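Below is one structure, written out as structure tokens, with a few remarks after it.
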Amino acid sequence: MKKLFLTKAAIILLLTAIFTSCKDLELAPEDQFTDLTYWNSPAKAQSMLNTAYSQIYSTDHFFYDEAMSDNAYSRTDASGSNSIATGAYDASLARLKDEWTDHYRGIKSCNLLLSNIDRVPDMDEALKTRMKAEARVLRAFQYFQLMTWFGDVPLFEKDITIEESRSIQRSPRAEVLAFILKELDESVSGLPTNTALSEAERGRITKGAAIALKARVLLYESRWADVVSTCELLINNTNNGSYSLFPSYEGLFLPQNEYNSEVILDVQFVPLTRTWGTFFDLAPISAGARLNAMAPTQELVNSYRMLNGKLPGESGSGYVESNPYNNRDPRLTYTVVYHGYTWKKPNGSTQTIYIKPGSDPNAAKLDEYAPGSSKTATGYYLRKYFDPTHTTSLGSGLNLILIRYADVLLMYAEAKNELAKLDEATWNQTIKALRSRAGFTDAGALNYNSSWSQGDLKEIIRNERRVELAMEGLRIFDIRRWKIAETVLNGWVHGAQFGPANEDGGYIRAGQRSFDKNKHYLWPVPREERSINPNLSQNPGWN
């Protein structure tokens, strides 16, 4: 029989209406899915799996989570980013409810498929096995996100009734973690490799995606030896797929290079059909944005090294404060828009982005920093993920990458160093490879230094992770697992040197942050959920 495969076009929101008025953990009317007439064809099963894929991640959360970290600043409260960053939130914040609800929606879709797919008549067994494995990985991903934010969360492997959803208790975090790892381990054998996918199948969960997700879960648990062995399943073992760094860092995030050799797992979109428009509030105004709601910070910009491998503040770096963007890590230019930036237009021409006050020769002065305006609050705009093929209002069908091979290399380097086993060979395989791809050529930036201590290497790897993965939604998770959030998320957020000279050397004070280490490492269980279900306990420090 003909097999049905997930394509980008297939991920259109097939069952959107089902989820528009749902409450608590019971997020869809049961009878719409469990009726005997529904599970009568492989196409119905595929539709349910497509729904689970479409629920994998929120686009706004992908971008605005950066503003909860020290990489970006949001002057709006999009996705609750400013409330969380300033510590001015409680269990009633809408973002918490959205996070909880969105993940349990995805879990429900997976549970419905897994509970009912065996009822589909005359279904190819290989296809059924594969779809089950995909659903289990998607479900594990959703539980991983819940566990990371909330700690203990309700865990269930089958669809639950309304009554059960109103009485279920939170499962211990350790139990949720064990379930996630078991699901990922048991799913691998039923999944194809990325090299086995046809063009029509691209975007589906593969062996590599399950393994890379497991590595990330283990990384967040600081299980260093397990991280190493899991990453090696992708680095040294082609039986699980074939991955490599894409030659162009800039090209990684352009639509013509989707599904390249570096992509392991991404959120699928379809030009003109299923799109996202977050860049309408992130890009320079002169590039078509309506305003700027979130912008990179000076703290992020400071983390990009000079071409000789030294940080701007280090002796011998060659950094010149009056010309701050010269001779910097090329990834800065592919990620952040700064004053004097050469912006590439879709038609092939270029324009200069003027951000410093009083510098724009054009009458409109669209991008110039102005305190209290709708323009950038930090003197920077975002470049990474700008889609030059966008439609009106900067709508894009560009996929958003959740896990890529560079992340596997960084996880591997971090774990090896934590085990005091990062040698020159590992350095060359990871950090040097990433910097070479970025465009570094100076030996000072590329070569391993045997005099570095384990502590030196830790800081180097952490900084490398920051700049390589900047504005990809991962920094907030890193600073939380490293337990440095109370250090980097307290005090002023800074922007470019366009502010009063008597304040912080002239670097803009964009806003203030507050992080309480005694309560903010876990989010509170949403108040509405506890109102519906009084059996849900609360995290320490919250009510």
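What you see is a predicted model; the values in this text were computed from it and never measured. Position 1 is the first residue of the sequence; numbering continues from there.
Between Glu221 and Arg481 no salt bridge is recorded (no basic side-chain N to carboxylate O distance below 4.0 Å). Comment: Glu486 does not engage Arg480 in a salt bridge, judged by the lack of any side-chain N to carboxylate O separation of less than 4.0 angstrom. A salt bridge is absent between Arg462 and Asp478; no separation between the charged side-chain nitrogens and carboxylate oxygens falls under 4.0 Å. Contact check on Glu368 versus Lys375 returns no salt bridge, with no Lys/Arg side-chain nitrogen under 4.0 Å from an Asp/Glu carboxylate oxygen. Salt-bridge check for Arg95 with Asp65: passed, with a basic side-chain N closer than 4.0 Å to an acidic carboxylate O. Looking at Glu314 and Arg305, a side-chain N of the basic residue comes within less than 4.0 Å of a carboxylate O on the acidic one, giving a salt bridge. A salt bridge links Glu464 with Arg331; the closest basic N to acidic carboxylate O contact falls under 4.0 Å. A salt bridge is defined here as a Lys NZ or Arg NE, NH1 or NH2 lying under 4.0 Å from an Asp or Glu carboxylate O, and Glu468 with Arg435 fails to meet this definition.
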- Message: If you apply the rule side chain to side chain donor-acceptor pair (under 3.5 Å), what do you find for Gln268 with Asp266, and how did you get there?
- Response: CA-CA 6 Å; Gln268 302 286 293; Asp266 57 3; 2.5 Å; yes
- Thr230 and Ile211: CA distance, side-chain angles, deciding distance, side chain to side chain contact (heavy atoms under 4.5 Å, CB included) verdict: CA-CA 7 Å; Thr230 303; Ile211 292 168; 3.8 Å; yes
- Audit row: Ser79, Asp60, side chain to side chain donor-acceptor pair (under 3.5 Å) steps and yes/no: CA-CA 7 Å; Ser79 293; Asp60 281 352; 4.7 Å; no
- Query: Do Leu213 and Val137 pass the side chain to side chain contact (heavy atoms under 4.5 Å, CB included) test, and can you show the C-alpha distance, the side-chain angles, and the key distance before you say yes or no?
  - Reply: CA-CA 9 Å; Leu213 178 56; Val137 173; 4.3 Å; yes
- Message: I'd like to know whether Tyr243 forms a side chain to side chain contact (heavy atoms under 4.5 Å, CB included) with Val263, so could you lay out the CA-CA distance, the side-chain angles of the two residues, the decisive distance to 0.1 Å, and finally the verdict.
- Response: CA-CA 8 Å; Tyr243 300 96; Val263 177; over 6 Å; no
- Query: Do Tyr385 and Glu472 pass the side chain to side chain donor-acceptor pair (under 3.5 Å) test, and can you show the C-alpha distance, the side-chain angles, and the key distance before you say yes or no?
  - Reply: CA-CA 9 Å; Tyr385 272 115; Glu472 296 180 42; 5.0 Å; no
- Message: Please evaluate residues Thr275 and Ser396 with respect to the criterion side chain to side chain donor-acceptor pair (under 3.5 Å), reporting the C-alpha separation (whole Å), side-chain torsions for both, the decisive distance (0.1 Å), and the verdict.
- Response: CA-CA 5 Å; Thr275 62; Ser396 173; over 6 Å; no
- Message: Pair Gln429, Tyr412 - check side chain to side chain contact (heavy atoms under 4.5 Å, CB included), show working.
- Response: CA-CA 10 Å; Gln429 192 175 24; Tyr412 188 60; 3.7 Å; yes
- Could you walk me through whether Asp516 and Lys519 pass salt bridge (charged side-chain N to carboxylate O under 4.0 Å, His left out), step by step? CA-CA 6 Å; Asp516 183 349; Lys519 63 186 290 188; 5.6 Å; no
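Of all heavy-atom pairs between Pro312 and Tyr304, the closest is CD-O, 3.6 Å. Taking both residues in full, the closest heavy atoms of Ala377 and Ala510 are given as O-CB, 3.7 Å, listed atom of the first, atom of the second, then distance. Taking every heavy atom of both residues into account, Arg527 and Ser92 meet most closely at NH1-CB, 3.8 Å. Across every non-hydrogen atom of Arg404 and Ile264, the tightest pair is C-CD1, 3.8 Å.
Between Gln298 and His494, the side chains place no donor N or O within less than 3.5 Å of an acceptor N or O (distance only, hydrogens not considered). Counting only N and O atoms by type, the side chains of Asp423 and Thr426 include a donor and acceptor under 3.5 Å apart. Side-chain polar atoms of Asn82 and Arg513 form no donor-acceptor pair below 3.5 angstrom. Side-chain atoms of Ser286 and Gln351 include a donor-acceptor pair closer than 3.5 Å. A donor-acceptor contact closer than 3.5 angstrom is absent between the side chains of Thr378 and Tyr369.
Using a 4.5 Å heavy-atom cutoff, the side chains of Met471 and Leu300 are in contact. Side-chain contact between Pro324 and Tyr319: present, with at least one pair of heavy atoms (C-beta onward) separated by less than 4.5 Å. With a 4.5 Å cut-off on side-chain heavy atoms, His103 and Leu146 count as touching. Side-chain contact between Pro330 and Leu307 is present, with heavy atoms from C-beta onward closer than 4.5 Å. Using a 4.5 Å heavy-atom threshold, the side chains of Pro361 and Tyr354 count as touching.
Remark: Phe269 CZ to Ser54 OG distance equals 10.0 Å, nearest 0.5 Å. Distance CG/Asn323 to CZ/Arg328: 10.5 Å, rounded to 0.5 Å. Atoms CG and CG, on Leu96 and Asp90 in that order, are 8.0 Å from each other to the nearest 0.5 Å. Rounded to the nearest 0.5 angstrom, Leu402 CG and Asp407 CG are separated by 10.5 Å. Asp281 CG to Thr76 OG1: the interatomic distance, rounded to the nearest 0.5 Å, is 7.5 Å. In this structure, Thr430 OG1 and Asn417 CG are separated by 10.0 Å, a value rounded to the nearest 0.5 Å.
Note on ring orientation: taking the six-membered ring where Trp is involved, the planes of Trp276 and Phe279 are tilted (angle from 30° to 60°). Between Tyr220 and Phe477, the angle of the ring planes stays under 30°, which puts this pair in the parallel group of the 30/60° scheme. Ring geometry, Trp343 versus Phe386: the interplanar angle exceeds 60°, so the pair is classed perpendicular (tilted spans 30 to 60°). Ring pair Trp542/Tyr89 is tilted by interplanar angle, where 30° to 60° counts as tilted. Between Tyr249 and Phe253, the ring-plane angle classifies as perpendicular under the 30° and 60° cut-offs.
Residues satisfying the ring-ring contact (aromatic ring centres under 6.0 Å, His included) criterion with Trp224, sequence neighbours excluded, are absent altogether.
Within the cation-pi definition used here (under 6.0 Å to the ring centroid, within 45° of the axis), Lys432 does not qualify as a partner of Tyr448.
Applying the salt bridge (Lys or Arg N to Asp or Glu O under 4.0 Å) rule to pairs touching residues 438-461 yields Glu418-Lys458, sequence neighbours excluded.
Within 6.0 Å of the CG atom in Asn347, the count of heavy atoms belonging to other residues, nucleotides or ligands exceeds 12. Heavy-atom neighbours of Lys344 NZ from other residues, nucleotides or ligands within 6.0 Å: at or below the threshold of 12.
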